K.L.:
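Structure incoming, see below.
Note that the structure is predicted; figures quoted are calculated from it, not measured. We count ligands from 1, going down the list as the structure has it; atoms in each ligand are counted the same way.
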Amino acid sequence: MGLKGKYELPFELNNPELLHNQSFVSGKWVKSKSGKTFEVVDPGTGKPWIECPINDASDVDDAVKSAHDCFESYRKVSPRTRAQLLFQWDALIRENREDLATILVHETGKPKAEAYGEIDYSTGFTWWFAGEAERIQGTVFQPSLPDRRVFTIKQPLGVAAALVPWNFPIAMVLRKAAAALAAGCTMIVKPSPETPITALALAYLASKAGFPDGALNILTTDLEKTPELSEALCRHELVRKVSFTGSTRVGKLVARLCSDSLKKVTLELGGNCPVVIFDDANLDQALAQVFALKYRHAGQACVTANRIYVQSGIFDKFLEKWTAEVKKIVVGHGADNTTTMGPVTTARGIEKAQSLVDDAKSKGATIHVGGKKLEKNGGYFFEPTVISGIKPDMDIAKEEIFAPVSTFIKFDTEDEAVKAANDTSMGLASYCFTKNIDRMWRLFENLDAGMIGMNTGNSSAAESPFGGIKQSGYGKESGKDVAVAEYLITKTGTLTLEGQA
Ligand code: SIN
């Protein structure tokens, strides 16, 4: 592939046309008005490998107008054609799986096997929402008067904006964009500064699939200009919907900014998710499931296991087995086939992990393995870490860790575990492991979260409504009806009927 700008690409692609590093607006590759750029860094080496435009508020209007112009015609495209476009996009993403995985590894740091996993999870969304496009339906009601007819239709609500995180950049773009495009909306995506290249590759493939110019637009920017660009999108009159995945702090800002023009908002926010493992669980099943959940992308998922509660009868045995597994993790660059855990994606992720671990240690927690930054090839590595003796006053119990640090807490009774698990302002996902069906059902009802994993550490799938309660946000992405509904308005029709005796 050779040089891109002043950087040496650290990989080669089978399909070099996939690689773009300008914004995508109205079907064209464009610079920002300022002409300024920022660097995208490989977290596995700490080295920049490509640059992208720094867009700011002055770049927003063109993109929104392009999306709005397109919306005027795209809204009338038949649901079957929208489904066919989504299927074509889906096919092209699958065809380019290898190259997309390579880019993903160099943006996020995740191991190649996980990158494939993310792409396979993500095409679930293009496939699923292609099906959903033709299943959008209104209703007809039994009227209260003999000459009245009452019904509803669903219509796309207009231009949508997606503010997307860096941890699963392909999945999060597709979960939002495929739903919007299925509904008949057009979209502007603002990817994270860490992961713009996968978003641009997806836009290239959407265009190849036949989506009209302006249907999917990508505005890249750096960390400094992210608040300004996001605010301009949230305030723009022609943007009718904002879907945000990220921190609770920023989610509240987004909701506030969108309230002025009463935009519809979906917020997928922080997790601090608990896992509760009972004495009667299948230990091997619980270990495999929670381990995969915790160490997926080095612990950088909103739905990851933040606090692991284990009942006293199996606590020591579980912790011992878990620690032995953690010691087997092979940390390295995601492109190395022997790597089982990559770096964290940002340098600030290391600092946060270190401060959480240090706080826990200073308040009496026990570190069984790991606990500090790992110097390796200049990348952002943190040792896979296991800590027990976690107390509610420790920062690590209250905040999302977003690093490969697992924390263990012993409990005795079901009531005690439920109370502790729910003792958080968040409510994204909770997980429980038991073979007692009565207890399982009680936990399903009593754990305060939008998603409950029962004897599983993986409840994310295109068919499953994804979303939290409490300060983890509102709205659902993926799943039947609910996700596309986030991009639709309901219009009620009332008709006075003459001539029907
Ligand atoms: C997230 O953690 O932000 C999303 C993870 C998922 O979709 O499973």
K.L.:
Is the contact between A301 and ligand 1 made by the side chain, the backbone, both, or neither, using heavy atoms and a 4.0 Å cut-off?
P.N.:
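A301 to ligand 1: contacts from backbone and side chain alike.
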K.L.:
Between W441 and F444, is the ring-ring contact (aromatic ring centres under 6.0 Å, His included) condition met? List the steps.
P.N.:
CA-CA 5 Å; W441 192 263; F444 180 54; 5.6 Å; yes
K.L.:
Looking only at atom types and distance, does a side-chain atom of N272 sit under 3.5 Å from a main-chain N or O of M426, one as donor and one as acceptor?
P.N.:
no
K.L.:
For E268 and ligand 1, answer yes if some heavy atom of the residue is under 4.0 Å from a ligand atom, otherwise no.
P.N.:
no
K.L.:
Without hydrogens or angle criteria, can the side chains of T245 and K176 be said to hold a donor-acceptor pair below 3.5 Å?
P.N.:
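Distance-only check passes for T245 and K176.
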K.L.:
Could you tell me which atoms of ligand 1, counted from 1 in the order shown, lie closer than 4.0 angstrom to a heavy atom of V303?
P.N.:
2 (O), 5 (C), 8 (O)
K.L.:
Is there a nitrogen or oxygen of Y121 sitting under 3.5 Å from a nitrogen or oxygen of ligand 1?
P.N.:
yes
K.L.:
Using 4.0 Å as the upper bound for N to carboxylate O, is an ion pair formed by E228 and R235?
P.N.:
no
K.L.:
Heavy-atom contact under 4.0 Å between R296 and ligand 1?
P.N.:
yes
K.L.:
For W322 and F291, take the angle between the two ring planes, folded into 0 to 90°, and tell me which bin it lands in: parallel under 30, tilted 30 to 60, perpendicular over 60.
P.N.:
perpendicular
K.L.:
Would you call R175 and E268 a salt bridge, using N to O less than 4.0 angstrom?
P.N.:
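Not counted as a salt bridge, because no side-chain N and carboxylate O are separated by less than 4.0 Å.
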K.L.:
Check ligand 1 against N167 and write out every atom of the ligand that is under 4.0 Å from a heavy-atom position of the residue.
P.N.:
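Taking each heavy atom of N167 in turn, ligand 1 has 1 (C), 2 (O), 3 (O) under 4.0 Å.
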K.L.:
For atom 4 (C) of ligand 1, which candidate among Q300, H297, M451, M172 provides the closest heavy atom?
P.N.:
M172
K.L.:
Can you find an N/O atom of C302 closer than 3.5 Å to an N/O atom of ligand 1?
P.N.:
yes
K.L.:
Would you say W166 has more than 12 foreign heavy atoms packed within less than 6.0 Å of its CH2?
P.N.:
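Check passes, neighbour count above 12.
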K.L.:
Could you tell me whether T304 approaches ligand 1 through its side chain, its backbone, both or neither, with non-hydrogen atoms closer than 4.0 Å?
P.N.:
neither
K.L.:
Is K241 close enough and on-axis enough to Y487, meaning under 6.0 Å and within 45°, for cation-pi?
P.N.:
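Yes, cation above the ring, under 6.0 Å and within 45°.
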K.L.:
For S460, take its heavy atoms, then give the atoms of ligand 1 lying under 4.0 Å from any of them.
P.N.:
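This gives 6 (C), 7 (O), 8 (O) as the contact atoms.
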K.L.:
Decide whether the shortest distance between a heavy atom of R175 and an atom of ligand 1 is less than 4.0 Å.
P.N.:
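Contact present.
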